[in-house]
Amino acid sequence: MPRHRPKASPPAPIDLNPRTDPPLDFPVRALGELTPRDYEILGFMCGLEVHQQLDTRGKLFCRCPAGVRTTRVDAEVLRHMRPTLSELGEYDGTALMEFRTRKEIVYRLDRRTVCTYEIDDTPPFPIDEEAIRAALEIATLYGLDRVSELQVMRKQYLDGSIPTGFQRTAMVALAGVLPFPDSELGPDRVLRIRQLTLEEDSCREVSDVGHRIVFRTDRLGMPLTETVTEPDLLTPRDVAAGGSLLAWVARASGRVRRGPGAARQDVNVSIAGSRRVEIKGVCQHKVLPRLVHIEAYRHLELLRIRAELLRRGVTAEQLVLPQLDPPWASPLAIDARTLVGDRDGPPIQGARERGDMIAAVRLPGFAGILAHRTQPSPHGDLRFDHELAERLRVIACLTARPFMAHTDEASSPVHESTWRELRRALRATADDAVVVVWGPWADVATAVEEIVGRGREALVGVPSETRQAHPDGTTGFERILPGPERMYPDTDTPPWPVPDAWLGEIDASQPERPWERERRYVEELGLGARAARVLVERGLYELFDALAPSTVVGRRRLASALECRLLAWWRESGTRTLPESERLRPLVLAIDEGKLRPEAYDEVFDALLRADDAQAGRVLVEQWCARSPEPSLAAALDRLVAAAAERRFSSPDARMRWALGQAMPTVLGHLAPAVVRERLLAVLA
Amino acid sequence: MSSSDQSSPAHLPDPDDYKGYREPMLGVMKRFGVTVWSEVVARTTRGDFQGLVLPRSETSDAEHMVLKLVSGYNIGIRHDTIESMEAVGYRKAQYKIPEEPFPVDPDKPRVMLLGTGGTIASRLDYRTGAVIPAFSPGELYGSVPELADICNLETEKLFGVFSENMGAHEYQVLARRVGQAIADGYDGVVIGHGTDTMAHTAAALSFMVQDPPVPIVMVGSQRSSDRPSSDAARNLIAATQAAARGPIAEVMVCMFGPTSDRYDLLHRGTRVRKMHSSYRSTFRTLGGIPLAMVQEDGAMEVLEPNVRPRRSDRQARVQVAFEDKVTILYYYPNMQPDVIDALVSCGYEGIVIAGTGLGHVNKKVYPALRRAHEAGVQMYMTLQTLWGFVQMHVYETGREILELGVVPLANMLPEVAYIKLGWALGLHPGDPGKVRELMTTTIAGEMTEGEPFDGYLVLQGAVPEARELIGKVWW
Ligand SMILES: [Zn+2]
């Protein structure tokens, strides 16, 4: 079948960094070696899009349960996506790319988590009002302007992650600011929030190999909010802090889902002279700094490559394939099947045996460029050829590695003499790079176009892309960044007016914002700044407030036990559940009322966590309080006098430390250390 | 060029200036000098909002104004939250679908595509969400270029009506036009049609254009063509394949087989029925198996051995007529006889009964049936069960109904019987014997001599066989 090549529309100008002067001579430095001033020189700019699942019973547009995670497969459905034309009769870049991949999209269904809505065989049911309410509450916490009427839109996604080919999404609120103080960047900083939308979640990807991508549908259709910040984040550390701030505020609503995958962020990165690149689906804040640092350097390296190519006089006109089908037999690409031979390495022999298409592409003026470093990695730095390989993997769907070789490689499966023949056939000079690619016929045809296309984009510098994060902090190509024209109204759902009564209720019952709570803990309750921060960050404040110790020592001990002992218990037991407040209350009261001394806090706290229930815990605390210290102390003193006589100590102090360590546990919670020390001095003297 | 933007703050008044807006929002817009397509900055009690004013849907409330934000999102602003509003610009746009000349290849078959109003291919106006239909060959080539690999396509738009508004007049115009296309030497005819009444039109064409020498293929979509997941392009490609190169010369419906993107099925025009309100795989052949499968790559496999083959002659029997005074009576327990009396007194000439079981109605309506029969109303029995045959000799009730003048129609579908009766009465007004003879004679497979064992296969979820089928095979 002939291959149809629709035209792509140009990228949007809003994706450009406001500064156009890349600092090309900026030195290469690791994360942590750069100051805020350095990032300013780089023109580093970053914004976040935080996706936060809402803790509702049902999904957004059907009544299936939300939050059920499953791997069961009852049925599979197969679909394709077809791009729709934009206003100018051109195809959106993303849409075009997805069409070129010609993917079979497979959806796995578990009958307990999906109905016919999710697989696009039934129109949407009325929107879930619990989700709207939650989104409005979070928007209010963010200090955003709330709209009068929600209008559901369709945002196109052709990667298959949503079976309809679009995500239903509605604008809830716009334009707010959060206090965002920073020790280096200033105490009065704010983080501006552009918008908050309510939308349905997409599928979870199971695998993406060749022309087949497989998705699970359990998560599909769950309500989530997307919060978009302005590009106010100016250092890698700042990016992580911004992500944490948005998360704490959202959590204060009590409406968000917790656990793996419940909150994911997309990070937009650019530097001076580059354009916005979006790193998708990062689940943990702590990996953000490294990711954006490496991405900033990738931009810088790509801009250096651009400068070098321009210096060499390479132009976009030299990097255009004639409209031929197939695209070889042109000055830039040839059929290389007759030029390779027995002298070439095993990958080439494998390709010959399989009957693969083998094509060679000339990149004029690119000699050495393919070996130019783009991303540092502990597994060996990534180079510009990685940018090519990624396009071939994703768009041309080449999977059997290796599928390409080039003249900038130190060792290559293509023999020297074959390279000479290929250069001759392509009329390539020493200034040019040559790439050989092999695989199925149609995929190699796409690959040749992608190699030339990515070469042409090198003249622009940084292509607008979405990228996926790898564990080592590097990123790989995911897709072309979609343009703004992929949004259109959903004709299946009516507008939804926001009732004034709701807004009144929400405004009247505003939960405490995280920074307000932190300040209250320090200023009114006497906690240390660090303890206050931990309670807020870790989501322990609800339990803390429910217990509300009345003494400063009681508060400090509780905060410390929640931070250290509870987290240790979580690690030990593998759970992440908070204990009921009733289980801990007897201890809090015993400390506040002076029935138990604070030295016993951690030990009793640990025992309470492990008690069968709150009742058992209460008995346990009562027993602790009822213990009479005198007989235990007397017995201990007798034992210690005898034992001390048989040991040697380097000094009287060492002897006292040892004796105190032995005696204290027997009277823990009842006698102050100073008292015990007095008594020990008396008998050991 | 496909779009034209006007930019002038002092534009001429236009009846569409407030399209869709009513009081109280209308008054607010007039007060601040804001119209549809104005770029506005609105200061409201809920914050400031900036965007382009869009037309309001007539079915939405009168309280809100729709604003398209720069992000592409739309929001509604309520009239009583607006403190002030300023028009800072004006952007109106009209769009057309891009046209590219449809390539002509003398070696390829000629196909005529007739349009009845449903959108076959389309493009979106991203601002309003309006769907702009693509219909001319050039427009179609712009959105479904694969068609050029199959045939030389010519198109003609006959009507612009929704599927539910197709009726006697449209059937007749369409049938004559199909007859003309056959005479003009086209290798096949494709008819774009909304899915709701596609089966009715397919039945009408089956009787009005008998024994055609080339395929007549009806096609539509269950997901509109402006959606990336649409079935429209695939259905259109499959239908065009079937019309251009297919071996079966009958009136057929070409739509998705399973809900997965796997293959299309060709259904006989008199045996096809829409069975789900929204599934892609909504069309089913009843009382038989589909005529053929059309695979993704265009390969066709004929499934039903009994089909009329393509011929090279240009002969078709075109008989065009329709009597409107025909109805379907869907029987239910406790039906009162006055329903039937009312039909008679309203002048109905034909009644197709959809009866229970093997073809039954209750005794209470017998006198009314007798009165209708004596008044000369033609009455025919079909089945609510849709699958199976009318058999009125098994029980005494059936024999009694036969004596009242109700004629059994074997396994003819109720809707097909309705269309056929309208056509027969239109063709032979005042000749009840001729009408009855036509009704009981099979013309285009509307009654069959038996039912294959694998036609009726309704597997319900969770039974082991169904689990196996949908777990491993595309459904
Ligand atoms: Zn559902």
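Heavy-atom basis, side chains included; hydrogens, waters and symmetry copies ignored. Letters A, B, ... are given to chains in the order of the sequence lines, protein chains preceding strands, and every chain is numbered from 1. No experiment lies behind these values; they were computed from the predicted model shown.
Interface residue A:Arg111: only side-chain heavy atoms are found under 4.5 Å from chain B. Neither the backbone nor the side chain of A:Asp490 comes within less than 4.5 Å of any heavy atom of chain B. A:Val498 touches chain B through backbone and side chain together, each having a heavy atom under 4.5 Å away. Neither the backbone nor the side chain of A:Ile162 has a heavy atom closer than 4.5 Å to any heavy atom of chain B. There is no contact between A:Val73 and chain B, counting heavy-atom distances below 4.5 Å. Residue contact with chain B, scored on non-hydrogen atoms closer than 4.5 Å, involves the backbone of A:Ala170 exclusively. Looking at A:Pro494, neither its backbone nor its side chain comes within 4.5 Å of chain B, counting heavy atoms on both sides. Contacts between A:Thr197 and chain B at a heavy-atom distance below 4.5 Å involve the side chain alone, from C-beta outward.
Looking at B:Arg223 and A:Thr164, their side chains never bring a donor and an acceptor atom within 3.5 Å of each other.
Between atom OG of residue B:Ser230 and atom CZ of residue A:Arg82 there is a gap of 9.0 Å, rounded to the nearest 0.5 Å. Rounded to the nearest 0.5 Å, atoms CG (B:Leu69) and CZ (A:Arg194) are 12.0 Å apart. Atom CE of A:Met171 is separated from atom CG of B:Leu67 by 11.0 Å, given to the nearest 0.5 angstrom. One distance of note links CG of B:Asn74 with CG of A:Leu150; it measures 11.5 Å at 0.5 Å rounding. With rounding to the nearest 0.5 Å, the separation of CD1 in A:Ile105 from CG in B:Asp261 is 8.0 Å.
Of the residues considered (B:Glu63, B:Arg280, B:His276), B:Arg280 shows the highest number of contacts with chain A, using heavy-atom pairs under 4.5 Å. For chain B, the option among A:Leu174, A:Val228, A:Leu144 with the highest count of heavy-atom pairs below 4.5 Å is A:Leu174.
Ion pair B:Arg227/A:Asp492 flagged as a salt bridge, since at least one NZ, NE, NH1 or NH2 atom sits closer than 4.0 Å to an Asp/Glu carboxylate oxygen.
Nearest approach of A:Leu158 to B:Pro228, heavy atoms of both residues: CD2-CB, 3.4 Å. The two residues B:Ser229 and A:Pro163 make their nearest non-hydrogen contact at CB-O, 3.1 Å. B:Ile470 approaches A:Asp74 most closely through the heavy-atom pair CG1-O, 3.6 Å. For A:Met487 against B:Gly72, the heavy-atom pair with the smallest separation is CG-O, 3.2 Å.
Two residues are said to be in side-chain contact when any heavy atoms from C-beta on lie closer than 4.5 Å; A:Gln195 and B:Ser71 meet this criterion. Side chains of A:Asp500 and B:Arg78 form a contact here, defined as non-hydrogen atoms less than 4.5 Å apart. In this structure, the side chains of B:Asp61 and A:Pro497 come closer than 4.5 Å at one or more pairs of heavy atoms. Residues A:Gln151 and B:Tyr73 form no side-chain contact, since every pair of their non-hydrogen atoms from C-beta on lies 4.5 Å or further apart.
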Applying salt bridge (charged side-chain N to carboxylate O under 4.0 Å, His left out), run through B:Arg46 and A:Glu149 and close with a yes or a no. CA-CA 11 Å; B:Arg46 293 187 182 181; A:Glu149 187 186 61; over 6 Å; no
Take B:Thr259 and A:Val77, measure what side chain to side chain contact (heavy atoms under 4.5 Å, CB included) needs, and give me the verdict at the end. CA-CA 7 Å; B:Thr259 183; A:Val77 172; 4.3 Å; yes
Residue pair A:Asp121, B:Ser278: steps toward the side chain to side chain donor-acceptor pair (under 3.5 Å) verdict: CA-CA 6 Å; A:Asp121 268 325; B:Ser278 54; over 6 Å; no
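Shown here is B:Arg22, whose CZ atom has more than 12 heavy atoms of other residues, nucleotides or ligands within 6.0 Å. Residue B:Gln460 places its CD atom among 12 or fewer non-hydrogen atoms of other residues, nucleotides or ligands, all under 6.0 Å distant.
For the pair B:Arg262 (side chain) and A:Arg79 (backbone), a donor-acceptor distance under 3.5 Å is absent.
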